[in-house]
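Reviewing the structure listed below.
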Amino acid sequence: MGEVADMYTQDGTVDMKGNPAVKKGTGNWRACPYILANECCERLAYYGMSTNLVNYMKTRLGQGNSVAANNVTNWSGTCYITPLIGAFLADAYMGRYWTIASFMIIYIIGLAVLTMASSVKGLVPSCDGSGTCHPTEPQTAAVFVALYLIALGTGGIKPCVSSFGADQFDENDEREQKSKSSFFNWFYFSINIGALVASTVLVYVQTHVGWGWGFGIPAVVMAIAVVSFFIGTPLYRHQRPGGSPITRIAQVLVASARKWSVAVPADKAQLHETLDKESGIEGSRKLEHTDQFGCLDKAAVVTAEDRAEASPWRLCTVTQVEELKSVVRLLPIWATGIVFATVYGQMSTMFVLQGNTLDQRMGPRFSIPSATLSMVDTISVIIWVPIYDRVIVPAVRSVTGRPRGFTQLQRMGIGLVISIFSMVAAGVLDIVRLRAVARHGLYGDKDTVPISIFWQVPQYFIIGCAEVFTFVGQLEFFYDQAPDAMRSLCSALSLTTVALGNYLSTVLVTIVTRITTRHGRLGWIPDNLNRGHLDYFFWLLAVLSLLNFLVYLLIAKWYKYKKTAEYPDAKGERNQEH
C-alpha cells in the first residue's frame, strides 16, 4: 500500500484527466520550464508597454507630467485589481489552468488593438513640425480601450501563474516542499529577465524606431507565451476548484451572527468537523483550530437545532471557519505592502521624469532613454535572486536552523527597510540636481542638467534588492498561508498591494500638487521640474516608509502561522517561525 501511495501526490492534485497525479510523470521541476517561460514572455510584453508608457502619454497623447503619471499609475493599479476577478474564477469554478488559457486571449486582443492605435493611419495622432501631437478623442479612446483590455487579460494570469507553478510541488513530500520555496525565487527571476529585455531593447525600439514596432513586438512575444504554456500541458498537476470562497466566507459570518448568544465550548474538539480525512471542501486539507477571532468559532458550535436539521448557513466546519481566520490574519500584513508598492511605482513615473532632466548621453553619439534605466532594477533582481537562493539562505539556515533561512515575515521586513534607502538616494540626487540647476541657471523647460543619468543607478539598484526580499517573500507567504482552496484569491490579494500602491501614489501626487500650487506657486512637481522640488516628494515617501515599517513590526509580532491538521507542527518550521 505504501508503494502505491508513493506513486501519487498526496496534496490532492490531479492530472489533466482528473486522475490522481503520478509523481514521476507530472509536476516538479520538469513542468516548470514551460510555466517560467510563459511568465517571462508575458512579463516582457507587459513591461514592454508599461515601462515607457508615461512618455507615450506625453509625446503622443499630449498630456502633462502629472496627468500622464496619474494615467499610468491608474492603469497599472487596475492591472493589479483585476486579478481578484481571475482568482475568484480559478478558485471557484475554472481552475488555474483554464483561467490562464482563457484570459491570455483577451490579453492578446488588447495588445493587437494597442499596436493598431500606434501604427494604423487614422488611429495615430497627427503631430506638427515642433513634435507636438494633437490626438482626437476617438484616438485617445482607442489607446485606453486597448490598455484596459490588457488590464482585464492580465487579471486572469497574474494571480494564477505563480500559484499554478507552486501546485507542481507536493507539499506532503519533503524534497518537493523545499523545491517549492526555491521556485518562487526563480519565478521572480524569470519575471525580471522579461523586464530586462523590455527596458532595454523595447524602450530603445519605441524611442528610435517607432511606437508601432515598440508595441507590436510585445504582441508577438505574448503569442509565444501562449504556445509555451500549452506545450507543457501533459506535465501539469492541477488543484481542483473548491467552489465559491465568497459563499463559504459568507456562511461563516451568517452562522456566527445567528449564534451570537451561543457559548463556545471550552473543549474545541466539540466543534463541528467532518469525520473523513478530507475537509469537505474540494481540494482543501483540514485546518487545525486556532484561538484568535474566537467569535467566529460560534459558526462551528453544534446546537440542538443543527442536530435536527443541519444547514451550511447555520453550521460550518472548523476548517471553513479557519479559512476565514487565515484570510483575516493576512489582511494587516497585506496592508503594510501598500506603501512599499508606492515606492516601487516611482520607477515608472517620478524616476523617469527625473531622468528626463539629466544628461542622457552615453558617448558622443548615443543617448539612453530615461525609461531604459529601469533595467538597473531588473539587473539588480537578476543578481540578487541567485545570491539569496544559493548564498544568503544556506548561510542564514546554518545559524537559525530554519529550512528557509529567514522566516517569511523577517524576509519581507528586511525588504521594507531596504526600500527606505532607495527614496533617500533619489532625494539626495534631486538635491544635487537642483543645486546644479541654480548654479548654471538652467530654468528653461528644455534645459538639460549637466549630471549623468547614471547617477540614478543606486536608487534603481536598491529597489531591486528590496523586491527580492519583499515581493518574492509576499508571493511565497500569501501562497503558503492561504487556505488550500483560496490560493489564487490570496495571491491576487497580495497583488492588490501594487494596485493600491499606485493609487496611493496618484493620491499623494494630487494632494501634493493641490497644496503646493496654492497662491500661484509652481509646486513640487511642475511640468518644468527644474523649477520644482521633486526631492520633497521623495523625502515624504521615505518618512511614510519608515512609519510603515514600524507598524509592520507590531503586526508581525502578533501574526500566527497557519497549521494543517495533517501536519500539526507544519514540518517543524512554522513552530520555529512563531
Side-chain angles (χ1 to χ4, degrees), residues 38-39 41-57 60-61 63 67-90 94 96 99-118 123 139-163 191 194-195 198 202 206 211 214-219 221-223 225-226 338 341-342 344-345 347-349 471 488-489 491-507:
N38 169 268
E39 181 65 10
C41 292
E42 188 274 328
R43 292 290 84 189
L44 191 157
Y46 175 82
Y47 288 115
M49 295 174 301
S50 63
T51 302
N52 207 22
L53 190 58
V54 69
N55 282 331
Y56 181 81
M57 297 283 187
R60 287 293 181 266
L61 299 186
Q63 299 175 350
V67 174
N70 282 349
N71 277 330
V72 170
T73 51
N74 287 340
W75 170 77
S76 182
T78 303
C79 287
Y80 287 89
I81 286 291
T82 53
L84 290 172
I85 300 171
F88 173 77
L89 293 174
M94 297 173 65
R96 290 188 255 281
T99 302
I100 294 168
S102 302
F103 279 75
M104 281 194 294
I105 306 304
I106 300 173
Y107 199 123
I108 289 179
I109 292 172
L111 282 169
V113 174
L114 184 62
T115 302
M116 290 189 291
S118 58
L123 292 177
Q139 289 169 339
T140 301
V143 172
F144 279 94
V145 166
L147 289 174
Y148 282 90
L149 276 174
I150 291 165
L152 178 60
T154 198
I157 299 173
K158 278 181 186 291
C160 296
V161 175
S162 61
S163 297
I191 289 175
L202 290 182
Q206 290 164 357
W211 292 102
F215 290 144
I217 293 173
V221 170
M222 190 61 200
V226 173
I338 296 172
T342 302
Y344 173 79
M347 289 193 300
S348 61
T349 53
F471 274 159
S488 295
L489 199 60
S491 293
L493 184 66
S494 73
L495 292 171
T496 59
T497 61
V498 180
L500 295 175
N502 280 300
Y503 294 148
L504 177 59
S505 180
T506 298
V507 170

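What you see is a predicted model, and the numbers here were worked out from it, not measured in a lab.
- In this structure, the side chains of V161 and E42 stay at 4.5 Å or more apart for every pair of heavy atoms.
- Between G214 and P218, the closest heavy-atom pair is O-CD, 3.1 Å.
- Checked against side chain to side chain contact (heavy atoms under 4.5 Å, CB included), V67 has the following partners two or more places apart in sequence or in another chain: Q63, N71.
- Atom-to-atom distance recorded for M57:CE and W75:CH2 is 8.5 Å, nearest 0.5 angstrom.
- In this structure, the side chain of T115 engages the main chain of F215 through a donor-acceptor pair within 3.5 Å.
- Using a distance-only test at 3.5 Å, with no hydrogens or angles considered, a donor-acceptor pair links the side chain of T78 to the main chain of N74.
- Annotation: side chain of Y107 is not in contact with side chain of V226 (no heavy-atom distance under 4.5 Å).
- Scanning all heavy atoms of the two residues, the minimum distance from A223 to I108 falls at CA-CD1, 4.1 Å.
- Between atom SG of residue C160 and atom CG of residue L489 there is a gap of 10.0 Å, rounded to the nearest 0.5 Å.
- The shortest non-hydrogen separation linking G110 to A146 is O-CB, 3.5 Å.
- Counting only distance, with no hydrogens or angles, the side chain of T497 and the backbone of S494 share a donor-acceptor pair below 3.5 Å.
- The shortest side-chain heavy-atom distance between I157 and M222 falls under the 4.5 Å cut-off.
- In this structure, T154 contributes its side chain and C79 its backbone to no donor-acceptor pair below 3.5 Å.
- A cation-pi arrangement is absent between R60 and Y56, since the terminal nitrogen or guanidinium carbon is not both under 6.0 Å from the aromatic centre and inside a 45° cone about the axis.
- To the nearest 0.5 Å, the span separating CD on E39 from OH on Y46 amounts to 12.0 Å.
- Residues satisfying the ring-ring contact (aromatic ring centres under 6.0 Å, His included) criterion with F471, sequence neighbours excluded, are F340, Y344.
- The OG atom of S162 lies 8.5 Å from the CZ atom of R96; values are rounded to the nearest 0.5 Å.
- L53 CG to T349 OG1: the interatomic distance, rounded to the nearest 0.5 Å, is 11.5 Å.
- At least one donor-acceptor pair under 3.5 Å links the side chain of Q206 to the backbone N or O of G48.
- Taking all atoms of both residues into account, the shortest heavy-atom contact from T140 to L61 is OG1-CD2, 4.2 Å.
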Could you walk me through whether L504 and L500 satisfy the side-chain contact (heavy atoms from CB on, under 4.5 Å) test, starting with their C-alpha distance in whole Å, then the side-chain angles of each, then the deciding distance to 0.1 Å, before giving a yes or no? CA-CA 6 Å; L504 177 59; L500 295 175; over 6 Å; no

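- For C41 against V221, the heavy-atom pair with the smallest separation is O-CG1, 3.3 Å.
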Could you walk me through whether Y148 and T82 pass the side-chain contact (heavy atoms from CB on, under 4.5 Å) test, one step at a time? CA-CA 10 Å; Y148 282 90; T82 53; over 6 Å; no

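- Note that CD1 of I191 and OH of Y47 are 6.5 Å apart. Values are rounded to the nearest 0.5 Å.
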